[in-house]
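The block underneath contains the structure these notes are about, expressed in structure tokens.
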Protein chains: 2
Amino acid sequence: MSGQKKKTTIYDIAKELNITVSTVSRALSGFPAISDTTRQAVIETAKRLNYSPNKLASALKSGQTHIIGVIVPSLQAHFFASIIHSIEKGLKGSGYRVILYQSNESLISEINGVKTLLEAQVDGIMASLSLETDNVDHFSEVIKQNKPLILFDRVHEKLDVPKVILDDFKAGYTATQHLIDQGYKNIAYLTTIHQIPIFSERLKGYKAALADNDLPLNEENIIFGGLSIKDGRFGVGKLMRLEHKPDAIIAADDFTALGAIKKLKEIDQVPPKIGVIGFANEAFSAYITPTLSTIDQHPNQMGTECVKLFLDMIKDKSAHNTSTVIIEPSLMERQSTLS
Amino acid sequence: MSGQKKKTTIYDIAKELNITVSTVSRALSGFPAISDTTRQAVIETAKRLNYSPNKLASALKSGQTHIIGVIVPSLQAHFFASIIHSIEKGLKGSGYRVILYQSNESLISEINGVKTLLEAQVDGIMASLSLETDNVDHFSEVIKQNKPLILFDRVHEKLDVPKVILDDFKAGYTATQHLIDQGYKNIAYLTTIHQIPIFSERLKGYKAALADNDLPLNEENIIFGGLSIKDGRFGVGKLMRLEHKPDAIIAADDFTALGAIKKLKEIDQVPPKIGVIGFANEAFSAYITPTLSTIDQHPNQMGTECVKLFLDMIKDKSAHNTSTVIIEPSLMERQSTLS
DNA sequence: ATGAAAGCGCTAACAG
DNA sequence: CTGTTAGCGCTTTCAT
């Protein structure tokens with residue numbers, strides 16, 4: 001035999017000390033009305049018997065798992081990895097833990113995620129929607145169960161819950177204005193076909209900036225495709241076949257911008273000859289050549305705000321919190337737009 | 001009132017249909033000896049009452065959570081994010097889910113992670129050790145509980161469990177041989193002070209390749225520091241103050257290699273003038289300038305192998321599996337070493 | 001300060 | 001094919 005099979009429970013501790021499980025439970029959980037002697041004995045015995053609490057049982061009984069489910073489109077994007085990191089950091093000391101679910105930009109997978117997390121009895125959910133998510137009914141069960149739900153970055157208006165978002169309009173506006181300030185006059189825009197607000201807001205910001213600067217809006221300049229390195233290349237290909245070729249390109253994320261740059265280099269239009277700016281300030285953006293101008297979305301700040309909202313909601317379950325925290329984007333000027 | 005407070009349980013379904021919970025439980029779990037009529041009725045009622053199983057209760061009773069805990073140093077490294085991704089992919093359809101824990105390269109945090117996962121009653125653990133981990137006692141409890149433990153990439157010899165690793169010796173050898181083949185003769189090596197096998201094996205490979213090519217080993221050329229962009233810059237600074245300056249640099253990871261390249265560009269020794277090669281084939285490595293030669297560690301293959309091992313162990317708990325799966329590294333030749 | 005006992009939601013051995 | 005019943009390990013109210 002390689003040691004006893006069964007794990008030690010509070011019953012074992014109780015038996016060992018000739019007291020009851022209630023006393024053990026109290027001693028272990030810091031209940032005040034327990035004599036110091038007893039508490040010491042319990043703690044010592046627990047250690048000696050190598051006791052490890054079964055959180056499952058505790059959660060089943062108390063109805064609280066102290067686990068928060070976080071749904072993100074993908075961990076491969078540094079942006080989301082950073083948010084996760086700051087959420088975990090912010091939660092430190094609160095007793096809450098995070099369990100992660102990746103939707104891989106798929107609606108079906110996201111629906112499954114909500115279901116799984118709910119079945120796992122998480123105490124709340126933080127989510128950033130997939131590109132495919134045009135319907136958010138799958139979140140209604142979270143609300144029905146009266147569990148905190150917080151949306152961040154990729155949100156949906158139909159969901160009347162607290163949100164942490166970037167000022168995406170401003171982000172789009174800032175990127176565009178920056179290009180205009182650099183002397184670019186015919187600015188193209190590569191974005192996604194998916195109708196999710198974050199991207200349409202940025203596009204609105206782009207249009208507004210053009211208008212404010214008395215620059216014409218050329219619909220041909222707006223390419224609706226995917227978001228990836230490949231799509232960036234593809235988009236540039238399309239743009240370069242236009243009669244009136246653009247002199248600058250805004251890509252809805254840094255991956256797409258990277259693809260655009262690669263293609264531009266191949267056709268000898270190396271930025272900043274044609275300006276390129278992206279969104280998200282990905283890990284690579286400062287290191288490619290030319291370095292990529294982009295909009296920083298402050299993931300750490302986003303994570304921190306999510307945690308703040310969550311802890312508030314836990315504290316005051318009754319208050320129907322629907323506040324929206326808006327993060328200010330920052331322009332990162334780099335070589336790809338410095339003409 | 002915003003609807004009933006309590007969640008529906010199998011009791012509610014049973015009451016609704018005038019049957020017992022056991023029947024409901026069986027009907028829901030696909031138990032064969034249940035009449036089709038009953039099963040249909042149960043499923044229909046479950047749907048109507050918006051039933052969602054409480055996995056906690058089921059796990060408590062059955063002793064199985066169907067959750068695997070995965071411990072990684074950091075999600076910010078694309079390498080680990082990829083492994084996670086392939087683990088989840090490999091697990092699809094098996095009924096197992098992953099919960100993630102980041103050690104942030106800290107031993108204390110890693111110890112905490114094991115404890116937390118065990119308390120959460122995970123069915124097994126897959127782990128890649130932190131840089132600080134020089135002692136692995138915290139994993140003994142996992143083994144004692146007879147739960148599958150699998151180590152990947154960053155492993156430890158003291159742990160007699162199945163492992164999935166890169167052939168790190170070969171990786172180091174290959175990188176070195178490649179530089180030699182390219183005509184470099186005085187090759188430096190930037191690595192970590194931490195004594196973890198993955199890095200010492202690579203270093204051994206480096207030394208062996210030098211010896212096999214009758215090249216002298218110059219201890220001054222080996223810098224023991226940290227692994228980061230900053231450390232890469234710092235390492236180059238140190239190397240450039242040597243009397244006999246190296247003409248190529250191996251960095252123990254791509255981040256360090258990136259830092260090295262940045263510094264070299266500043267002092268006008270742009271690779272491949274001084275060759276630079278890294279390890280891990282990070283997301284940015286193909287896109288920086290010059291593009292970074294590196295050793296691909298096949299994270300997807302690693303994840304897949306981990307899953308395979310895990311499922312085997314679950315299937316056959318008795319067999320003391322201690323097999324080690326060794327992944328072959330691949331050289332990615334890029335501009336930074338092509339002289 | 002401590003004990004007794006009920007029960008969280010589910011599973012499964014045993015009966016019928 | 002279905003019901004009865006006993007727990008999984010813990011928390012918590014009500015006693016004492």
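Chain A is the first sequence line, chain B the second, and so forth, proteins listed ahead of strands; every chain is numbered from 1. Model, not experiment: these values are computed from the prediction.
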Nucleotide dG9(D), atom P - distance to CD of E119(B) in whole Å: 15 Å
Length of the CZ-P vector between R39(A) and dA1(C), whole Å: 10 Å
Kindly say if Y11(A) contacts the phosphate of dG7(D), meaning a side-chain N or O under 4.0 Å from OP1 or OP2. no
Establish, with yes or no, whether the OP1 or OP2 oxygen of dC10(C) is under 4.0 angstrom from a side-chain nitrogen or oxygen of S58(B). no
Look at the side chain of Q102(B) and the backbone N and O of L75(B), then say whether any donor-acceptor pair between them is shorter than 3.5 Å. yes
Atom-to-atom span, CG of N18(A) to P of dA4(C) - whole angstrom: 11 Å
Base, sugar-phosphate alone, or nothing: which one does S25(A) contact when heavy atoms must sit under 4.0 Å apart? base
Just call it for I34(A): base, sugar-phosphate, or nothing, with non-hydrogen atoms closer than 4.0 Å on any strand. sugar-phosphate
Which listed nucleotide (dC10(D), dT11(C), dC14(D)) is nearest to the side chain of N54(A)? dC10(D)
Phosphate OP1/OP2 of dT2(C): any T23(A) side-chain N/O under 4.0 Å: no
Considering just the side-chain nitrogens and oxygens of S22(A), establish if one lies under 4.0 Å of OP1 or OP2 belonging to dT12(D). no
Candidate nucleotides dT11(C), dA1(C), dC10(D), ranked by approach to the side chain of Y51(A) - the nearest: dC10(D)
Thinking salt bridges, do K308(B) and E305(B) make one under a 4.0 Å N-O criterion? yes
Which nucleotide wins on minimum distance to the side chain of P53(B), given the candidates dC10(C), dG9(D), dA1(C)? dC10(C)
Can you figure out which of dG9(C), dT11(D), dT2(C) approaches the side chain of K61(B) most closely? dG9(C)
Looking for any heavy atom pair under 4.0 Å, which part of the strands does T38(A) touch: base, sugar-phosphate only, or nothing? sugar-phosphate
Testing the 3.5 Å rule here: is there a donor-acceptor pair between the side chains of E132(B) and H194(B)? no
Quick one: F31(A) CZ to dT11(D) C1', roughly how many Å, whole number? 11 Å
What nucleic acid atoms does L56(B) come within less than 4.0 Å of, heavy atoms only: base, sugar-phosphate, or nothing? nothing
Find the distance K7(B):NZ to dG7(C):P and express it as a whole number of Å. 20 Å
Please check if atom NZ in K147(B) has more than 12 non-hydrogen atoms from other residues, nucleotides or ligands closer than 6.0 Å. yes
So Y96(B) and H66(B), would you call those rings parallel, tilted or perpendicular, with 30° and 60° as cut-offs? tilted
Rounded interatomic separation in angstrom, taking CD from Q64(B) and C1' from dC10(C): 14 Å
Proximity to the side chain of L60(A) - top-ranked nucleotide from dG9(C), dT5(D), dA4(C): dG9(C)
What's the CD1-P distance between I10(B) and dG7(C), to the nearest Å? 16 Å
